[in-house]
Amino acid sequence: MSNKEQEADDMNWTTWAQEALNQASGLDEILCAAYDAFEDMLPVIRGHEDQAGGMFAAFVLSAASAADGRDAVATAPSLPPLCPHERAIAAGRPDGEARVEDVARGLASLSELLASRLVDAARSAADPGDQAACTEAARHAANIHALLTGGEP
Amino acid sequence: VTGRATFGDFMRVAARYLGTLADLPPAVGRRRQAAAMTRQVREASDGLLRVISVMARYVADINTAFADVPARDRHLLSAWARASIEAQEALGNAAAFLREGGADQDAPHGTPQTPLAIRLHAVAASLTTGRDLVHTHFAPGSDGVRRDHSDWAPVITSDRVTHALLGELACCARQIAPQGAELALSRAPVQRGTGAARRRLNAACQWLWVLDAAVQAAQREDPVPPDDRQLLYAIPVNARPSRPIPRGGEPVTALCNGVIVAAERVRHAARPLPAQATWSPAMTSTSCRLSAAAAAAVSQNCEILLRSLAARAAQHGSRGTSAQLVESADAAARASASWLRAAHGWDLVTTDTRGYLSQAAADMKDLARWTERFAYTEPAETTSGPSRATRSPADLAPQSGDIPIVVAAVHHACEALTRLADAESGQIEAAGRAGRLLVPTRSLPDTFDIPRPFAQAPPDRIDSLLFTYRDVGTASAGATAKVATVAETVSAHSRILTAAKNAVNASREGSAANARNHRPEPVMTNDRRHHPGPVERVLYDLGVTSPALLQRGSAIDQASQQLITDAAETLSLRQARPIEELSRSPGTAELINHVLASADSRATAQLRPPTHPQAEAEPPQAEP
């Protein structure tokens, strides 16, 4: 795969994940999309951290937050046992040859949207368990965004 | 660097007070001078008792292991163990003589007014505070038994540090004894009825010389190297240093200090992790993930700093140091890779509590932040990407003399990661046993039908995680060892970390003496001052300043000391007169003092002062 094709694939992945988040309506769908987004971020970050150079710390700390975010969403009582998007998003993951700064930009953008949707979900959720899970997961998503854009989490 | 008080701070204060010779009372009328002398003897006895009491507590701390060894079996003990027991006996006798004369360490006669007493009280206060500082590293356990409460605790109880401590106590004794004895045997007019008090003060001082001689004998057999004394002095108070907050734009020295303090905080926070793993709500996957990720980043930052230093050392023409720095950088890179594998291990493992962050994890994040500011000159932004500017070698160490400062900071960071690896490994093991490690149910094969988001971690995942952490421990220790070698080469102040580790290892192996393949110069002989003997003293009192005459006086004193020692040795027990009779007159007491001050073990064996019937070990003191 050429660099251009790879970049297109990266864009596909982040666009896909963002689209899934944007299209999700209802708490269960948001939770599904959020779980998948966190889950799929992990191999993306892991696949690029070795080449991250000056962004190494931001990448490895982001991975920790992605795993924490995924675990937080998993505790939400309204998360369905199986999410329909799971395998579709996984199929579009970028490999290790994408440019680190592009991957970072895509992840930052995705985590910003993720945080925003999870905050909204926490506000609209009736179950305190869902509220707590969404709030905690939103915090981890915001951490990722801050880390990858040079801010202090 | 961390701003914490050290044991050495208090010993230096004590040494300053001890170093000033006692002033005699100002010349006033004969009757008033006699009253002043009486008061001086009384106050000095109180002050000396106070010093002796705290010294006895130090020795009792050391002696707990062999306090009950009967006298007939002492020859089986090491030279230092014998010295410690003899020191305890000497202090017990000295205290008993002073107590018999009505001396009271609580200064019942009011605030001391006389110069020697003021200094003795100050010395006692410094020694007491120093002991309190040492005791912050221990705490009673649930069974009431004293337990280690810090990583410094095994260093403090190591043979090397206890020997150095005994050496310091002997040094105090050696400096106090002549001053107290000079006062006791002073030719100045005194009031009637003070003879007994002065004899008792002199006897107490003679016992201090006996203590010194016992320690000197051990010192001759198994010398204390200067490094051990430095290690003793470096013992810090067991308290977490304040959190350093980077403001931006710090110079390199401030960044070094920030890294060292942040590393110290990590070491402090990591220690209790294994013991708390079964119940602590802060034992979370969030904490462990953050710690592992931050440690990977810290190791990589250390690698960058070491490579930059290697380039700088090469520019300064230090090829050997440069090569060592490159090796250290490679080891730091391996440590970073192993921490990264540990971080990966947490991707599919979680814990039964979430949302809390341990102090160790928060401190690791700080350490990552400080080392990052040190290694890079611009912030991490997506626009700069992987090619972010690192600190140039010239900026890192403008002068070759700056290299040790940076090496020390990196050494502290690597040491903190090594401690963290050990603590995290113990923590995971305990948490696994307690069933606190979980995995997302979705990460398990479909054959597992668990209606909850998380399930108990299968044993193979726990084992895999533990195996990874053992690898992390090995890699981190390897990096620390490499940086320690550089620290030794460039004489970085962080060498104290290696000295502490070596002291503990030597004690554990029970071969502190054998571990040293050289016989270093004794540290205590340097501070041995010349105290004039009786003849030389008379010459001084006469106002003689001629070096030739003073030298002759000194030679006569030495010859008389030798003669008395030789003669005493030839006498059988039946022929010998009771030793206490020898010290009844000031003239003979002065001669005996001079012989005892020589620290000749033959002299102290034959001419040691009488044992006081009420002499006993210092009663144990309650823990603060």
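Naming: A, B, ... by sequence-line order, numbering from 1 per chain.
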For Ala72(A), is it the side chain, the backbone, both, or neither that has a heavy atom closer than 4.5 Å to a heavy atom of chain B? both
Can you confirm whether Asp71(A) sits close enough to Phe454(B) that some side-chain heavy atom of one is under 4.5 Å from a side-chain heavy atom of the other? yes
Below 4.5 Å, heavy atoms only, C-beta onward: do Ile304(B) and Phe56(A) meet side chain to side chain? no
Neighbours of chain A found in residues 341-349 of chain B - heavy atoms under 4.5 Å: Ala343(B), His344(B), Asp347(B), Leu348(B)
Contacting region of Ser336(B) [heavy-atom separation from chain A under 4.5 Å]: side chain
Side chain, backbone, both or neither of Leu42(A) within contact of chain B (heavy atoms, under 4.5 Å): side chain
Considering only heavy atoms, which portion of Ala296(B) lies under 4.5 Å from any heavy atom of chain A: side chain, backbone, both, or neither? both
Return the option, out of Ala292(B), Ala293(B), Ala297(B), with the maximum number of heavy-atom pairs under 4.5 Å with chain A. Ala293(B)
Search all heavy atoms of Tyr35(A) against all heavy atoms of Pro440(B) and return the closest pair with its distance. OH-CB, 4.4 Å
Atom CZ in Arg354(B), atom CG in Asp68(A): separation rounded to 0.5 Å? 8.5 Å
